[in-house]
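Structure, as C-alpha cells:
Proteins come first, then strands; the chains are lettered A, B, ... in the order of their sequence lines, and each starts at number 1.
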Protein chains: 2
Amino acid sequence: MAVTIKDVARAAGVSVATVTRALSMPDVVRAATRERVLETAKTLGYQPNRAARGLITGRTGNLGLLVPDLANPFFPGIVKGVQARAHEADHAVFLADTDENPAAEAGLVRKLAKQVDGVVLCSPRMPEAELRALAADIPIVLVYRRIPGTPSVTAAFLDGMRQAISHLTALGHQRIAYVAGPRSSWANRERVKSLRAVGRDVAGNGSPAGRASAEGKVSAAAKCELVEMGSVTPTFEGGVAAADGVLAAGVTAVIAYNDLVALGLLHRCAARGVRVPGDLSVLGFDDIPLGAMVHPALTTVALPKGPAGRAAVDLLLQERKEKRELPTQLIVRGSTGPAEG
Amino acid sequence: MAVTIKDVARAAGVSVATVTRALSMPDVVRAATRERVLETAKTLGYQPNRAARGLITGRTGNLGLLVPDLANPFFPGIVKGVQARAHEADHAVFLADTDENPAAEAGLVRKLAKQVDGVVLCSPRMPEAELRALAADIPIVLVYRRIPGTPSVTAAFLDGMRQAISHLTALGHQRIAYVAGPRSSWANRERVKSLRAVGRDVAGNGSPAGRASAEGKVSAAAKCELVEMGSVTPTFEGGVAAADGVLAAGVTAVIAYNDLVALGLLHRCAARGVRVPGDLSVLGFDDIPLGAMVHPALTTVALPKGPAGRAAVDLLLQERKEKRELPTQLIVRGSTGPAEG
DNA sequence: TTGAAAGCGATACCAC
DNA sequence: GTGGTATCGCTTTCAA
C-alpha cells in the first residue's frame, strides 16, 4: 500500500505529530529532527493524503471548474489558465463539462462542493437566481458573467467594441452589421449594450461623447450606421446561416457575435464568391486560434482567456469578493479592409 | 456547516450505521426505516462526503485525466468522452494539462494518485520506463499510446492509412508525400509503420499482399510511390513551414501527420496561389472540427475521440487489462481531388 | 520541542 | 435489523 504518515514517523523514530509539524510548521521543530523527518519522508516517497487532511482542516486543496463546452475553442484557453494558476498554488482541479445543458450546471457543482475549496464557473448559462443560491452555499467565482454580489472576472467589452468600430470607420465603413448571439446569453447582452453605447457616440455624428472611458477613440470624423441582425446560434453553422442575410443588408462590414460565427460568415462568403475584405469586411470577437489559420485570417477583438482563468483562481484562493475587468485588444488581420465603392 | 451523516441519523432517530445501510445496502434495512432515513436525508440535503468515504473504502469515486495540451483541438473531444462516461458512472474527474512538458507528467499523476481510483493518460509523452513505473503504483489506462502489459485504447492506424492511400490512388495520384510528426511521438511512429506497410503492398505493384488485415483495399491496380518528408512540429506553423518542401518534391498529393499540419499546408498553398486540390491534394489525420470549417474543407482520417475517452474510462472502472483498438474512418471533403496532368 | 489522544465523516465489523 | 465502535490518514489541542 501507499506510505502513510505513520510509516514516516516510525522510520524516523518520532511521533506522527512531529512529522506533521516538520512538514507544515517547520520552524516549530528542532532543526535536527526536522532534517531527519524530511529526509525519511523523501526516501520513502511520502505524499500526504489530501483527502484525509481536508477532512480535518476543511480545506481540500482542490478547485472545481465548470465549462459549458470544452469543444468550443474559446474555453480551452481559460481552462489552461485555471490549471496553470491552480497548480502553481498547489491545487488540483476538477473539471466538469456540462455540454451546454444549463439544467445540469448546479447539480454538478453541488456534487463537487464537498471535495473542493471553491469553484470557477465559466460562462454559466444557469439563471441568476440559481447562481445566487449556489454562491450562498459554496465559494464561487464567475468568469465571463456578472451578477451582483459575486466575485467575477470579465473583460472590457465596451472598450473592445469601441476599438472594433473605430477600426472599421477608419477604413471608411459607414454601414455596419452586428450579428447577435443568443438573447439569453450574458455575453451577447454585454456586446449589444456596448454596441449601442458606441453607436450613440457615432450616429449623432461629430461630438465624441466619450462618456464612459477616456479613450473615446471613435473620433469626431466618424459617422456610421449600426444595423443589428437577429440572433443566431453561436457556432460556425450559425454564421453560415446568417451570411446571406448579412449580404442582403447592404452593409460593407459585419461584426459577428464571436469568432466561430465570423468563421461561418467567411466560409459562406467564400462559397458564394464574395471577396473578403474586398466586398465585405468581417470582424469577430474572442480570438480563438482558428481565426489565425483561415484565409483570409480573421480580424477580431481578443478576449483574455488564460489571464481570465488565472485571475479567477486568484480571487478564489484569496477569498476576495471583487469584480475584475480585464482589457480587450483588437487584433487586425486580413478579414477587414477599406470600404470599397 | 454541511450536513453530515450524524445529522441525518439524529433527525431520523437511528444510528449512523443504519443511515449508511439505508443508502448503500437498501435491502438489508427494514422498509419503513429505510423510507424514513431516505426521506430525512433528502430534506436535509445530505450529500455523503466522498473524501471521508474514500478514506475507509479505498475507492474515491474520482478519476484523473492527463492531457499534453488542451489547446490542441484533438484533445477536447477525448476529454469530453472521459467526462461523459465518468459522470455516468458517478465519478468526478481531475484534469491535468502538462503543457507539452513530458517531465511534468509523472509528477502530476503521482500527486493525483491518492485522490483517484485510476488515471487516464492521453498521448503521454514520457518515456516508456517511466510509464511502466507509474503503472506499477497506480491503475492507468493509456489513450493513443501503447506499451506492453498496460491497458490502452488506440485506433486502427493501419486501416486508416490504407483508406487514405486507397482514396488517393483511386484519384490517380502516383507520387504521394507524407509529412512526418515528431520522431519521438508514438503516434507518428504508428503512422509511419502503417504507411510503410501499405507502401509495400502498393509499390511492388500488383499483388495485394494484404498481410495484416483482410480488407486489403489498396487494390491490385494501384501502383504508387510514397515519399517520406522530414518531421515537423505537429502544429499549424509546422505545416506552414513544411509546405514549400512539399511543393518542391514533385508530388500531387500529401498526407500530413495530423490535421493541424494539413491546415498549415493549406494556408501556405493559398498564400502561394497553389490550387487545392487542383495542383495538390491534401489529406490530414485526426478530424478536428477546424478541418470542416476551412475552405476547401479538409479530407482526413477520423480518429475516435469521444469513444476513445469513454472506452478508457470503462477499462479503468472495470479494471480490465486489455488493449482496445477502435476503428478509423476516412472522411472525404474538398481538399483532395483527381490528380491533374 | 515533542508525544498522546481526540476528532474530521464515513464504512465495516461485531454484537445483540 | 439495528446499534456500538474501531478504523482510514491526517491535523490539532493539551500535556509533558
Side-chain angles (χ1 to χ4, degrees), chain A residues 1-38 40-41 44-62 90 92 110-117 138, chain B residues 1-38 40-41 44-62 90 92 110-117 138:
Chain A
M1 264 315 247
V3 29
T4 79
I5 199 173
K6 273 188 190 160
D7 301 323
V8 179
R10 199 174 315 123
V14 296
S15 74
V16 293
T18 302
V19 177
T20 296
R21 293 192 196 102
L23 263 46
S24 44
M25 341 161 65
D27 40 327
V28 79
V29 60
R30 188 155 40 111
T33 320
R34 181 185 349 129
E35 304 264 313
R36 186 155 39 95
V37 172
L38 262 37
T40 56
L44 261 51
Y46 170 68
Q47 296 256 135
N49 182 324
R50 313 188 99 175
R53 170 185 295 172
L55 211 45
I56 176 135
T57 60
R59 318 204 78 244
T60 61
N62 295 149
D90 200 35
R110 290 220 140 79
K111 261 240 201 78
L112 286 184
K114 289 284 206 320
Q115 293 193 84
V116 301
D117 296 334
I138 142 174
Chain B
M1 259 317 245
V3 29
T4 78
I5 197 172
K6 272 187 190 160
D7 301 323
V8 179
R10 198 173 317 123
V14 297
S15 74
V16 293
T18 302
V19 177
T20 296
R21 291 189 199 105
L23 262 47
S24 45
M25 342 162 62
D27 41 327
V28 81
V29 60
R30 190 159 34 117
T33 321
R34 181 183 349 127
E35 304 265 313
R36 185 155 38 95
V37 172
L38 263 35
T40 57
L44 262 51
Y46 170 69
Q47 295 256 133
N49 182 325
R50 310 186 100 174
R53 169 187 295 172
L55 211 47
I56 180 132
T57 60
R59 318 205 78 246
T60 61
N62 294 148
D90 200 35
R110 290 221 140 78
K111 257 234 203 87
L112 286 184
K114 291 282 207 321
Q115 293 193 82
V116 302
D117 296 335
I138 143 173

Given C:dA10, C:dT2, C:dA12, the nucleotide with the shortest approach to the side chain of B:A17: C:dA12
Return the OG1 to CG distance between B:T57 and B:D117, rounded to the nearest 0.5 Å. 8.0 Å
Of the nucleotides C:dA10, C:dG3, D:dC10, which one has an atom closest to the side chain of B:Y46? C:dA10
Only one of B:T40, B:I5, B:V37, B:L38 clears side chain to side chain contact (heavy atoms under 4.5 Å, CB included) with B:Y46; which? B:I5
Regarding the side chain of A:V16, the nearest nucleotide among C:dA5, D:dG3, C:dG9 is C:dA5
Report yes if a side-chain nitrogen or oxygen of B:T4 is closer than 4.0 Å to either non-bridging phosphate oxygen (OP1 or OP2) of C:dG9; otherwise report no. no
Taking atom P of C:dA10 as reference, at what distance in whole Å does atom CD1 of A:I56 sit? 15 Å
Working for side chain to side chain contact (heavy atoms under 4.5 Å, CB included), residues B:V19 and B:V14: CA-CA 7 Å; B:V19 177; B:V14 297; 3.8 Å; yes
Can you tell me if the side-chain N/O atoms of B:R53 get under 4.0 Å from OP1 or OP2 in C:dT11? yes
Just how far, in rounded Å, is P of C:dG9 from CZ of B:R10? 11 Å
Select base, sugar-phosphate, or nothing to describe what B:K6 touches, counting heavy atoms under 4.0 Å on all strands. sugar-phosphate
Residue pairs meeting side chain to side chain donor-acceptor pair (under 3.5 Å), one or both in residues 17-38 of chain B, sequence neighbours left out, come to B:S15-B:T18
Short side-chain to backbone donor-acceptor contact, A:T60 and A:G54, under 3.5 Å: no
Checking C:dA10, C:dT11, D:dG9 against the side chain of B:T20 (C-beta onward), the nearest is C:dT11
What integer distance in Å separates A:L44:CG from D:dG9:P? 14 Å
Is there, by distance only and without an angle test, a donor paired with an acceptor across the side chain of A:R50 and the base of D:dG9 below 3.5 Å? no
If you only use heavy atoms from C-beta on, which nucleotide in D:dG3, D:dC10, C:dA10 is closest to the side chain of B:T18? D:dG3
Rounded to whole Å, CE of A:M25 lies from C1' of D:dT12 at a distance of 8 Å
Hits for side-chain hydrogen bond (donor to acceptor under 3.5 Å, both in side chains) against A:D7, two or more places apart or cross-chain, chain-then-number order -> none
Before you tell me yes or no, could you show the steps for A:N62 and A:L112 under side chain to side chain contact (heavy atoms under 4.5 Å, CB included), namely the whole-Å CA-CA distance, both residues' side-chain angles and the distance that decides it to 0.1 Å? CA-CA 10 Å; A:N62 295 149; A:L112 286 184; over 6 Å; no
Let's see if you can work this out: which of D:dC10, D:dT7, C:dG9 has an atom nearest to the side-chain heavy atoms of A:N49? D:dC10
Nearest-Å distance for atom pair NZ/P, residues A:K114 and C:dC8: 15 Å
A:R34 CZ to C:dT2 C1', straight-line distance once rounded to whole Å: 14 Å
Consider the side chain of A:L55, meaning its heavy atoms from C-beta on, and name the nucleotide among C:dA10, C:dC8, D:dG3 that approaches it most closely. C:dC8
Once you round it to whole Å, what is the distance between P of D:dT7 and CD1 of B:I5? 19 Å
How far does CG of A:D90 sit from CZ of A:R50, to the nearest 0.5 angstrom? 4.5 Å
Less than 3.5 Å between a donor and an acceptor, one on the side chain of B:R21 and one on the base of D:dG3, is that the case here? yes
Nearest whole Å is fine: how far is C:dT11 C1' from B:R59 CZ? 14 Å
Which residue lies more 5' along DNA chain C, comparing A:V28 with B:A51 via nearest heavy atoms: A:V28
The residue, B:R30 or A:T57, whose nearest nucleotide of DNA chain D is more 5′ is B:R30
Need one value for B:V14: base, sugar-phosphate or nothing, where a base atom within 4.0 Å counts as base even if backbone is also close, heavy atoms only. sugar-phosphate
What distance separates B:Q47 CD from A:R110 CZ, expressed to the nearest 0.5 Å? 8.5 Å
Quantify the bending of the helix from C:dT1-D:dA16 to C:dC16-D:dG1 as the angle between its end axes, each fitted on five pairs, to 10°. 40°
By the 4.0 Å heavy-atom rule, please label A:T33 as base, sugar-phosphate, or nothing. sugar-phosphate
